[in-house]
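Input: a single structure, listed below in structure tokens.
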Protein chains: 2
Amino acid sequence: MSRADTRMKVFGAAVALIAEQGYSATTVDAIAERAGVAKGTVFYNFGSKEGLFGALLEHSIGKLAEALSEAAVGSTALERLDAVVLGQLRFFEQYGPFARVLLAEMWRTAWQEAVAQLRARALGVYAEVLRQAADSGEVRADLDVETAATAIFGMVLTVSIERRVMHPERLLEETHATLVELLHGRVR
Amino acid sequence: MSRADTRMKVFGAAVALIAEQGYSATTVDAIAERAGVAKGTVFYNFGSKEGLFGALLEHSIGKLAEALSEAAVGSTALERLDAVVLGQLRFFEQYGPFARVLLAEMWRTAWQEAVAQLRARALGVYAEVLRQAADSGEVRADLDVETAATAIFGMVLTVSIERRVMHPERLLEETHATLVELLHGRVR
DNA sequence: CCTCTTGAACTGACCAGTCAGTACAAATTT
DNA sequence: AAATTTGTACTGACTGGTCAGTTCAAGAGG
């Protein structure tokens, strides 16, 4: 059992509890108990409750950005956009509780640094693909790619959570089809 | 000063503080102080902190549903959809902190009742308009209107918050144009 | 006088963070 | 190779402070 393993166990317990109850309603005692470590271990590894949460955000946002980057494949920019949407759905299928944490804590000023990372790295993948689509004439050249990136990211994030809460049995591909259809626009 | 006025002052203070810090990090003492009211008054009017929050959600969700319903005007279903998006943007422009509270607490099981109201009344407006669009052939007849309604609602909610945090000076109409453009689909 | 509000004092539960100590493996000394 | 030291990871009882909720006596006002 390496130190890294301990940290991962604590991350897992923390993200699950914070998703259920929110950051400040979640006690370090509860996190330690769920992780199967002593309370002191949490402080030994992360220094403070805030330190733990900061490290958790950083780690998870890194994973998310990586997943979105890797998903962005396709011969046209708009194919890549659809692929990134699917990549985001798949990521939150796997790391479901993190979606809740992100949605709830994303805009809190206390975690500006993590939010900046999220904007630069995860939303950046959407912005980049949209910029390519604008350059190649696949969407209007004057589209506000930053706002559009936030919009799509928020849309997928919300739907990911709704899916887990309301329709956990439904195929991911059906949800993806609905979203892509919305973005492809109306059938005349 | 009627009792209703007192309740509104407390709502205003509570929503502002909860938006900044989250529900459980917000103390009743702080809410009372910000509202300019004695702590005892809060308990006299709402019974408990949870009672206050429940009443706040119910009141605000009612306002939101009303605003979306009233906004849903236009000669075609898709015009009405665009109008509801604008209505939602305007609502959160006016009640900004409530957007944060809603996003953070929307999927928490503790407030199932309020969330059910939200789904039935606010998301219902989107679902209704989309259903009309499907019936009239303006979008594909087999569109999953529930998921699409959640998607659009979440998209607008996220963008509303991003606007307040990142671009408070920008015109609401520009943001609306970007979102409508996304939903209108790609220029060939 | 009845409803509403005030503000202060109190209680008991709860919680972040501390710290002295354990376990143990690797390095160093004898 | 046995004895000792060092460093790292972890432990859990304990502390000092905080907060929701209670109580209540004293107004305010209609």
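Every chain is numbered from 1, with letters handed out A, B, ... down the list of sequences. Below, each value reflects all heavy atoms present in this structure, side chains not excepted, and no hydrogens, waters or symmetry copies.
B:Gln117 and B:Glu113 are not linked by any side-chain donor-acceptor pair at a separation below 3.5 angstrom, with hydrogens and angles left out of the test.
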Per-nt protein contacts along nucleotides 9-14 of chain C (heavy atom under 4.0 Å; B base, S backbone sugar-phosphate only, - none) come out as ------
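In this structure, B:Tyr23 atom OH and D:dC19 atom P are separated by 14 Å, rounded to whole Å. Atom-to-atom, CG of A:Leu52 to P of C:dC15 comes out at 16 Å; the value is rounded to the nearest Å. Rounded to whole angstrom, the span from the CD atom of A:Glu50 across to the P atom of C:dC15 amounts to 17 Å. Between the CZ atom of A:Phe43 and the P atom of C:dG17 there is a distance of 5 Å, rounded to whole Å. One can place CG of A:Leu17 at 15 Å from C1' of C:dC15, the figure rounded to the nearest angstrom. When rounded to the nearest whole Å, the span between CD1 of B:Ile31 and P of D:dC19 equals 12 Å. Between B:Glu33 atom CD and C:dT6 atom P there is a gap of 13 Å when expressed in whole angstrom units. As rounded to whole Å, 14 Å separates atom P of C:dG17 from atom CZ of A:Phe53.
Distances were taken from every side-chain heavy atom of A:Asp29 (C-beta onward) to each of C:dA16, C:dT6, D:dT11; the shortest belongs to C:dA16. The nucleotide whose nearest atom lies closest to any side-chain atom of B:Thr41 is, among C:dT6, D:dG21, D:dC10, C:dT6. The A:Ala38 side chain lies nearest to D:dT11 when the options are D:dT11, C:dT6, D:dG21. For B:Lys49, the listed nucleotide lying nearest its side chain is D:dG21; candidates were D:dG21, D:dC10, D:dT11.
Taking the six-membered ring where the residue is Trp, B:Trp111 and B:Phe53 present perpendicular rings, their angle passing 60° and hence far from 30°.
Note on B:Ser24: nothing from the nucleic acid sits closer than 4.0 angstrom, heavy atoms only.
Close placement of the B:Phe11 and B:Phe46 rings is indicated, their centers lying within 6.0 Å of each other.
Distance alone, capped at 3.5 Å, is enough to place a donor-acceptor pair between the A:Glu138 side chain and the A:Ala77 backbone.
For the pair B:Ala32 and B:Val42, the tightest heavy-atom approach, listed with the atom from each and the gap, is CB-CG2, 4.1 Å.
Salt-bridge check for A:Glu146 with B:Arg170: failed, with every basic side-chain N at 4.0 Å or more from each acidic carboxylate O.
With hydrophobic clusters built from ILVMFWY side chains whose heavy atoms lie under 4.5 angstrom apart, A:Leu130 does not share a cluster with A:Val73.
Taking only side-chain nitrogens and oxygens, A:Asn45 never comes nearer than 4.0 Å to OP1 or OP2 of D:dT8. The phosphate of D:dC10 (OP1 or OP2) has no side-chain N or O of A:Tyr44 nearer than 4.0 angstrom.
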